Number of protein chains: 2
Amino acid sequence: MNSKDIAKIVGVSRSTVSRVINNYPDIPPATREKVLKAIKEYNYYPNASARRLVGMKSSTLGLFIIDIRDNEEPHHVIENNEDLLYGNSFFSPFINAFIDQSNKAQYHVLVSTVYSSGELWKIQSAFCEKRIDGAVIIGSSNDDYKKITEIVDKDFIMVAVDLDVEEENAGKVMSVNVNNYGGVSDALEYLIELGHRDIGIITGDLSKLSGKVRFDSFKHTLSRHCLPLREDFIGYGDFTEYSGYEAMKKILISEKYPTAVFVSNDTMAIGAYRAIKERGLKIPEDISVIGFDNSYISQYMSPPLTSVNVSLPEIAKCSIDLLLESINNNEIKPIQKTVDVEIIKRNSCRKIE
Amino acid sequence: MNSKDIAKIVGVSRSTVSRVINNYPDIPPATREKVLKAIKEYNYYPNASARRLVGMKSSTLGLFIIDIRDNEEPHHVIENNEDLLYGNSFFSPFINAFIDQSNKAQYHVLVSTVYSSGELWKIQSAFCEKRIDGAVIIGSSNDDYKKITEIVDKDFIMVAVDLDVEEENAGKVMSVNVNNYGGVSDALEYLIELGHRDIGIITGDLSKLSGKVRFDSFKHTLSRHCLPLREDFIGYGDFTEYSGYEAMKKILISEKYPTAVFVSNDTMAIGAYRAIKERGLKIPEDISVIGFDNSYISQYMSPPLTSVNVSLPEIAKCSIDLLLESINNNEIKPIQKTVDVEIIKRNSCRKIE
DNA sequence: CTGAAAGCGCTTACAG
DNA sequence: CTGAAAGCGCTTACAG
């Protein structure tokens, strides 16, 4: 069943069929009805490839999840649930939200994973093969993104999510970021309000935007409030649970430990909880903990974790808006958007005197 | 840059360029080299639509997540993190695994959500528009799947995941399922081994395969061991956390309550834990709990939940194998596969005398 | 071994 | 208002 068949059935030309499909004006209602009826009756759908070939959009957005670990095997496939962990806490909900919002905007979405630099060509090829009209890149470090911009043509429509825009690229790239800076200062000010003065931090991966900015904001906010930053109150993590565990253990080594700790994401907070409990300390009685991301699990931790909520659906929405505007106007306006953030108070922080 | 350009550059015809791209034999190595070199140098990628149009595969698999709630608004978009919950525990990790495995098999994946019966045409259209070569359908109840088979042509290649195959369809449909039956009987036998005799159950949504089979297996296994099934030890849930909470409250109403409860999925176990704690009971001292799915969160519950592990990556692998075989041979062999299951023992079940 | 040509299914100037 | 025709970029018999 193709447009020719429909044309024959209705007794018009393919041009006319095409015109009603594409909502041209100047088609007499009667003709339009007849064509529509035949289309429905014969269950006809225009071939997407043929449409693409004559220059129409593919109506497809690409979503590239970058998780490069070049030191490991080239294409590491998720073999067990443990590997899914990483995806689960941040990427997965974002993927869902992105698909959902794209679908709502009448776009298909093509999802791909990139596990090594050697797979970066996937992005370029999806564009060159004309499979997608635009793409979101998520999960890349600044280094990775640099590589991407080297490989992928500059005139393809991409928005980078959760990515630091380097000076050289600023004004050239579309991106949407979480208000990491504000979120951390809010979190800290909340702790300070509760009376805390000895506040520690578990940092994230400092090569990622979120890791770096959260640490910076922590330092600035502390000094703005004239509070000291003690080196032994800093634990360096990399966003994984285990690193959170180790970092917290390190912080708790000395006999004087902070009364509150800001943990740069919830996944590390899980590890931190474990270290605190192993040390025989109670949350929040002995030590208050605040996380970041408000991931699914935080509400179920004991005690439920106070955390900075990042609205993944809102990030998805912003990215798609940027993408679609760019696609429709066929121009790349280098806009940086920031999505705001809010503290979800639960029971892991207490007031002290 | 298209095949004509490459042809001109190399000094051959487009036919030849096409032949080297498609690995035809009988091309002199020298020619092949030259063409490959130009392709690389000019960063040429063949247009996927044009290839599709001349009959090649689209190299794309569809993944349709069915979550029909017709009583709610037609297209409910995920607006807040709470909505993501449902996706998180089961779908999300599956989506990840599916994308990963498809990518590894050199396939793209097009993901779509279906939130109402009115959107079921999306499946048909993706096929008819020739966007995909095959598709996995997940999350549908038997009713939903029936509707799907009514709408979607029988000659499209689909595999149903976690779906009951009705008698009338058996032998016509490709599907992969979890060994729900074996998983539940294993779980129960584990409890029995620990000395439990008064065992309760919180059922899932009985209109879904997993809900129904888990309940059936529970009843059969109990009777095989000559253990009674007390009506007041049964709580009816629907796989959501809140339903688990309510169901457990109902079970705990009478003064005699079971020493162990099988909960049909981990999400409901979260609710069940809450109800048990509110009642002032301890897990596993007063009551043992075993879940199903071994979802991400189960290890972090307190106490960590013993659960039946379902290997989502393995399900993904099976589905893709089925799909690819069907696509390559261009025939639908109605095969039903079952993925095995294993108990992950943690601290929510205790031995009793 | 290789090129010229047909054809995949559409859309869109162009002409009427 | 509508049809005939060109053309999008490929692949694949066909002929040589």
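This structure is a prediction, so every number in the text was calculated from the model and none was measured.
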Requested in this report: Could you measure between the two P atoms, the one in C:dA5 and the one in C:dC1, and give it in whole Å?
Outcome: 24 Å
Query raised in the report: Looking across every strand, which nucleic acid part, if any, lies under 4.0 Å from B:Thr31 by heavy atom: base, sugar-phosphate, or nothing?
Result: sugar-phosphate
Query - Spacing between B:Arg51 atom CZ and D:dC8 atom C1', to the nearest angstrom - result: 16 Å
Query - Span that lies between the P atom of C:dC10 and that of C:dC14, in whole angstrom - result: 23 Å
Query raised in the report: Is the shortest side-chain N/O distance from B:Tyr24 to OP1 or OP2 of C:dC1 below 4.0 Å?
Result: no
Query raised in the report: A:Ile6 has an atom CD1; how far is it from atom P of C:dC10, in whole Å?
Result: 9 Å
Query raised in the report: Does B:Asp321 come within less than 4.0 Å of B:Lys317, counting only side-chain N to carboxylate O?
Result: yes
Query raised in the report: Can you find a side chain N or O atom of A:Ser15 that sits less than 4.0 Å from OP1 or OP2 on D:dG3?
Result: no
Report task. Please confirm whether any donor atom in the side chain of B:Ser13 sits under 3.5 Å from an acceptor in the base of C:dA4, or the reverse. Result -> no
Requested in this report: Take the protein atom NZ of B:Lys4 and the nucleotide atom C1' of C:dG3, then report the distance between them rounded to whole Å.
Outcome: 14 Å
Report task. Write down the distance between CD1 (B:Ile39) and P (D:dG9), rounded to a whole number of angstrom. Result -> 16 Å
Report task. Pick the P atom in C:dG9 and in C:dA13, then give their distance to the nearest Å. Result -> 23 Å
Query - Between C1' of D:dT11 and CD1 of B:Ile21, the distance in whole Å - result: 10 Å
Query raised in the report: Hey, is the main chain of A:Thr113 close enough, under 3.5 Å, to the side chain of B:Asn103 for a donor-acceptor pair?
Result: yes
Report task. Examine the side chains of B:Ser117 and B:Lys147 and answer whether a donor and an acceptor come within less than 3.5 Å of each other. Result -> yes
Report task. Would you kindly give the CG-to-C1' distance between B:Asp5 and D:dC8, to the nearest whole Å? Result -> 13 Å
Report task. Check every strand shown and say whether B:Ser18 touches a base, only sugar-phosphate, or nothing at a heavy-atom separation below 4.0 Å. Result -> base
Query - Nucleotide nearest B:Thr16 when distance is taken to its side chain, options C:dG3, C:dC8, C:dG9 - result: C:dG3
Requested in this report: Could you tell me the separation between the NZ atom of A:Lys34 and the C1' atom of D:dC1, rounded to a whole number of Å?
Outcome: 13 Å
Requested in this report: Using a heavy-atom cut-off of under 4.0 Å over every strand shown, decide if B:Arg14 touches base, sugar-phosphate, or nothing.
Outcome: base
Query raised in the report: Of the nucleotides C:dC8, C:dC10, C:dC1, which one has an atom closest to the side chain of B:Leu53?
Result: C:dC8
**Report entry** Side chain of A:Asn22 (C-beta onward), nearest among C:dC1, C:dG7, C:dT11
**Finding:** C:dT11
Query raised in the report: Does A:Tyr44 put a side-chain nitrogen or oxygen below 4.0 Å from OP1 or OP2 of C:dC10?
Result: yes
Query raised in the report: When rounded to the nearest 0.5 angstrom, what is the spacing between OH in B:Tyr115 and NZ in B:Lys122?
Result: 8.5 Å
Report summary line: Any strand, both distances under 3.5 Å, Watson-Crick or G-U wobble: C:dC14 pairs with D:dG3
Query raised in the report: Where the side chain of A:Arg19 is defined as all heavy atoms beyond and including C-beta, which of D:dT2, D:dC10, D:dA5 is the nearest nucleotide?
Result: D:dT2
Query raised in the report: Is the phosphate of D:dC10, meaning OP1 or OP2, less than 4.0 Å from a side-chain N or O of B:Asn47?
Result: no
Requested in this report: In whole angstrom, give the distance that lies between atom CG of A:Asn2 and atom P of C:dC10.
Outcome: 5 Å
Requested in this report: Using modelled atom types only, decide if a donor and an acceptor are shared between the side chain of B:Ser102 and the backbone of B:Phe98 within a distance under 3.5 Å.
Outcome: yes
Query - Closest-nucleotide ordering on DNA chain C, the 5'-leading residue of B:Ala50 and B:Gly11 - result: B:Gly11
Requested in this report: With rounding to the nearest 0.5 Å, note down the distance linking CZ in A:Arg131 to NE2 in A:His108.
Outcome: 13.5 Å
